[in-house]
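Quick notes on the structure that follows.
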Amino acid sequence: MTPTGSFVRWGVLALVIAAGLIRGAGWRGVWPAVRITGGSMAPNLAGEHYCLICRDCQMVIRYDAHAPPRDGRVVCWNCGAGNDHRVDQKVRMGQRVLIDRWACAWRTPNRWDIVAFPMPNHPSRWAVKRIVGLPGERIEFRRGDVVANGRTVRKSLAQLRRMAVLVHDNDHPPKRELELPPRWKRKSSESRWHVEGTRFVFQPHEGEKKGLDWLGYQHWPGYAGVVQRTQPSPIMDNDSYNQQLSRRLNVVTDIMLACRIRIGDGEGCVALEITDLNDRYRVELCFQHRQLVWFRNSDELSRIPLPRFAYARGVLVEFAWCDGQLLFAIDGHPQIRHEFKSIEGDRTHRRVTENRQRSDSRDPISRMAIGATGTEVTVDRLRVFRDLHYLTPDYVDHHRNQWLLGPDELFVVGDNIPLSQDSRHWPRPGMPIEQLWGRVWGIQ
Ligand SMILES: [Zn+2]
């Protein structure tokens with residue numbers, strides 16, 4: 001036999017053995033697949049649900065099959081249009097997830113991992129929730145953030161991406177009602193920004209050197225019970241999955257903007273801005289000086305060399321204010337992760353900035369903006385996300401409750417925070433690590 005033939009034969013044999021091992025592992029329950037039934041991990045993992053396409057913006061809306069809206073109206077989370085719930089429509093099965101049973105056998109799983117375990121009050125039933133607190137920690141919630149042993153837990157951008165909830169996608173504008181106000185609005189009547197479909201193009205005048213020309217984001221409520229769907233609203237902790245649940249909604253300060261930016265030949269600058277209700281944070285990409293400069297209000301905090309990417313072809317940028325930190329990435333590569341000390345503790349700072357806010361003429365509801373100057377800029381794929389907003393069982397987002405975990409216990413909470421029954425509700429909040437069945441590592 002030739003060496004090539006031998007190589008092929010051994011290669012095929014290795015593949016057959018590998019496939020057998022993988023199948024065997026599945027059969028023996030090492031990586032079993034389970035189907036989600038309840039809605040406690042929505043909207044990230046849906047249980048049995050209904051699904052419709054919004055009549056106005058064509059966005060997919062999923063909502064709980066166990067509790068459809070009582071009035072038969074399903075409000076689109078993206079554009080606020082009311083849709084009819086059809087009583088005869090088919091219930092969609094819950095998503096199937098793969099469980100890695102080895103992951104919890106060798107080590108304590110990480111915070112924000114999704115794990116499967118038997119329900120403490122119904123051991124015959126399995127539950128899937130997210131790990132929020134680790135062994136020995138004292139857990140509380142402050143303004144929707146998780147606080148462990150008195151310190152705010154901060155996510156990386158990759159973790160935020162996995163958990164964030166999409167609240168507006170500019171690629172799905174309302175098409176049936178054409179007279180609605182724009183979601184991304186030019187801040188001046190002489191603005192050089194113009195709309196091309198779902199793209200925004202900035203075209204400076206020849207030789208014109210002016211300050212940044214801004215497009216500001218306007219959020220709409222996207223929940224039932226408001227008179228006007230286009231009424232400007234802060235970003236709240238609602239989503240479409242459980243619209244029948246009546247509760248007080250909370251303003252979410254942790255938000256993320258993602259979009260694609262392309263620039264022309266001219267020397268210019270693109271800026272992104274987010275406010276956290278107290279301060280404005282701005283990142284400027286200055287192509288002329290090849291610098292990335294960022295600011296809090298008018299104070300320059302830092303400048304770093306602008307990384308070399310193909311800006312003329314287009315780059316994906318992500319900009320977030322989350323867990324008291326500023327996050328910024330270009331094409332998935334983190335450029336800024338800056339933690340601010342002042343989130344809860346520094347009340348003096350908060351008072352000062354609140355006073356500044358009152359005397360500020362800016363619209364406090366418009367919390368995101370994109371600016372440009374000097375060069376042609378095209379912005380598209382604009383999406384706005386919010387972080388998960390943690391609440392106590394009585395739907396309050398500030399610390400009334402504290403939970404203390406034992407040395408081998410985890411605090412687990414479902415992503416559908418108002419609905420989920422979890423560590424916040426159990427008589428003994430900690431989930432013993434030894435009872436974990438495994439870690440969710442994939443969706444089928
Ligand atoms: Zn819609």
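No experiment lies behind these values; they were computed from the predicted model shown.
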Side-chain contact, heavy-atom cut-off 4.5 Å: [X] with [Y]?
{"X": "Arg101", "Y": "Trp437", "result": "yes"}
{"X": "Val195", "Y": "Trp184", "result": "no"}
{"X": "Leu257", "Y": "Tyr217", "result": "no"}
{"X": "Val440", "Y": "Leu98", "result": "no"}
{"X": "Ser423", "Y": "Val412", "result": "yes"}
{"X": "Lys129", "Y": "Phe117", "result": "yes"}
{"X": "Phe202", "Y": "Val270", "result": "no"}
{"X": "Gln218", "Y": "Pro181", "result": "no"}

Would Asp422 and Arg424 count as a salt bridge (Lys or Arg N to Asp or Glu O under 4.0 Å) if you check the C-alpha gap in whole Å, the side-chain angles of each, and the deciding distance to 0.1 Å? CA-CA 5 Å; Asp422 46 46; Arg424 299 168 297 165; 2.8 Å; yes
Checking [X] side chain against [Y] main chain: does a donor-acceptor pair fall under 3.5 Å?
{"X": "Asn83", "Y": "Cys54", "result": "no"}
{"X": "Arg62", "Y": "Pro43", "result": "yes"}
{"X": "Thr375", "Y": "Ile263", "result": "no"}
{"X": "Arg280", "Y": "Asn297", "result": "no"}
{"X": "Arg199", "Y": "Asp380", "result": "no"}
{"X": "Asn44", "Y": "Met41", "result": "no"}
{"X": "His49", "Y": "Gly47", "result": "yes"}
{"X": "Lys155", "Y": "Arg161", "result": "no"}
{"X": "Gln335", "Y": "His333", "result": "yes"}
{"X": "Arg192", "Y": "Gln203", "result": "no"}

Output the distance between atom [atom1] ([X]) and atom [atom2] ([Y]), rounded to the nearest 0.5 Å.
{"X": "Trp294", "Y": "Ile304", "atom1": "CH2", "atom2": "CD1", "answer": "9.0 Å"}
{"X": "Met256", "Y": "Glu318", "atom1": "CE", "atom2": "CD", "answer": "5.5 Å"}
{"X": "Gln243", "Y": "Cys76", "atom1": "CD", "atom2": "SG", "answer": "9.0 Å"}
{"X": "Asp397", "Y": "His389", "atom1": "CG", "atom2": "NE2", "answer": "3.5 Å"}
{"X": "His338", "Y": "Leu327", "atom1": "NE2", "atom2": "CG", "answer": "11.0 Å"}
{"X": "Trp403", "Y": "Arg138", "atom1": "CH2", "atom2": "CZ", "answer": "12.5 Å"}

Any side-chain donor paired with an acceptor under 3.5 Å for Thr253 and Asp276? no
Given the rule in the side-chain contact (heavy atoms from CB on, under 4.5 Å) test, do Leu388 and Arg130 qualify, once you have shown the distances and angles that lead to the verdict? CA-CA 11 Å; Leu388 294 180; Arg130 194 181 291 278; 4.3 Å; yes
Near [X] [atom1], under 6.0 Å, is it more than 12 heavy atoms from other residues, nucleotides or ligands?
{"X": "Arg337", "atom1": "CZ", "result": "yes"}
{"X": "Glu190", "atom1": "CD", "result": "no"}
{"X": "Asp265", "atom1": "CG", "result": "no"}

Closest contact, heavy atoms only, [X] versus [Y]:
{"X": "Trp112", "Y": "Val153", "answer": "CZ2-CG1, 3.6 Å"}
{"X": "Asp64", "Y": "Gly39", "answer": "OD2-CA, 4.4 Å"}
{"X": "Gln228", "Y": "Pro221", "answer": "O-CG, 4.2 Å"}
{"X": "Ala116", "Y": "Val128", "answer": "CB-CG2, 4.1 Å"}
{"X": "Leu292", "Y": "Pro307", "answer": "CD1-CD, 4.5 Å"}
{"X": "Gly371", "Y": "Leu212", "answer": "C-CD2, 3.9 Å"}

Checking ring pair (Phe, Tyr, Trp, His ring centres under 6.0 Å) for the pair Tyr63/Trp77: CA distance, chi angles, key distance, verdict? CA-CA 11 Å; Tyr63 54 104; Trp77 54 268; over 10 Å; no
Working for side-chain contact (heavy atoms from CB on, under 4.5 Å), residues Tyr281 and Asp279: CA-CA 6 Å; Tyr281 299 92; Asp279 294 295; 3.7 Å; yes
Using side-chain contact (heavy atoms from CB on, under 4.5 Å), reason through Ile99 and Val97 one step at a time and then give a plain yes or no. CA-CA 6 Å; Ile99 311 287; Val97 292; 4.1 Å; yes
Result of checking Ile235, Thr275, Val167, Asp387 against Ile255 for side chain to side chain contact (heavy atoms under 4.5 Å, CB included):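 The option that passes is Ile235.
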Please walk me through it: do Asp323 and Thr152 pass side chain to side chain donor-acceptor pair (under 3.5 Å)? CA-CA 7 Å; Asp323 306 326; Thr152 301; over 6 Å; no
Provide the full list of salt bridge (Lys or Arg N to Asp or Glu O under 4.0 Å) pairs with a residue in residues 242-259, sequence neighbours left out, each pair given once. Asp237-Arg247
Salt-bridged, Arg111 to Glu137, with N to O below 4.0 Å? yes
So Val74 and Tyr50, side-chain contact (heavy atoms from CB on, under 4.5 Å) or not? Walk me through it. CA-CA 10 Å; Val74 182; Tyr50 293 113; over 6 Å; no
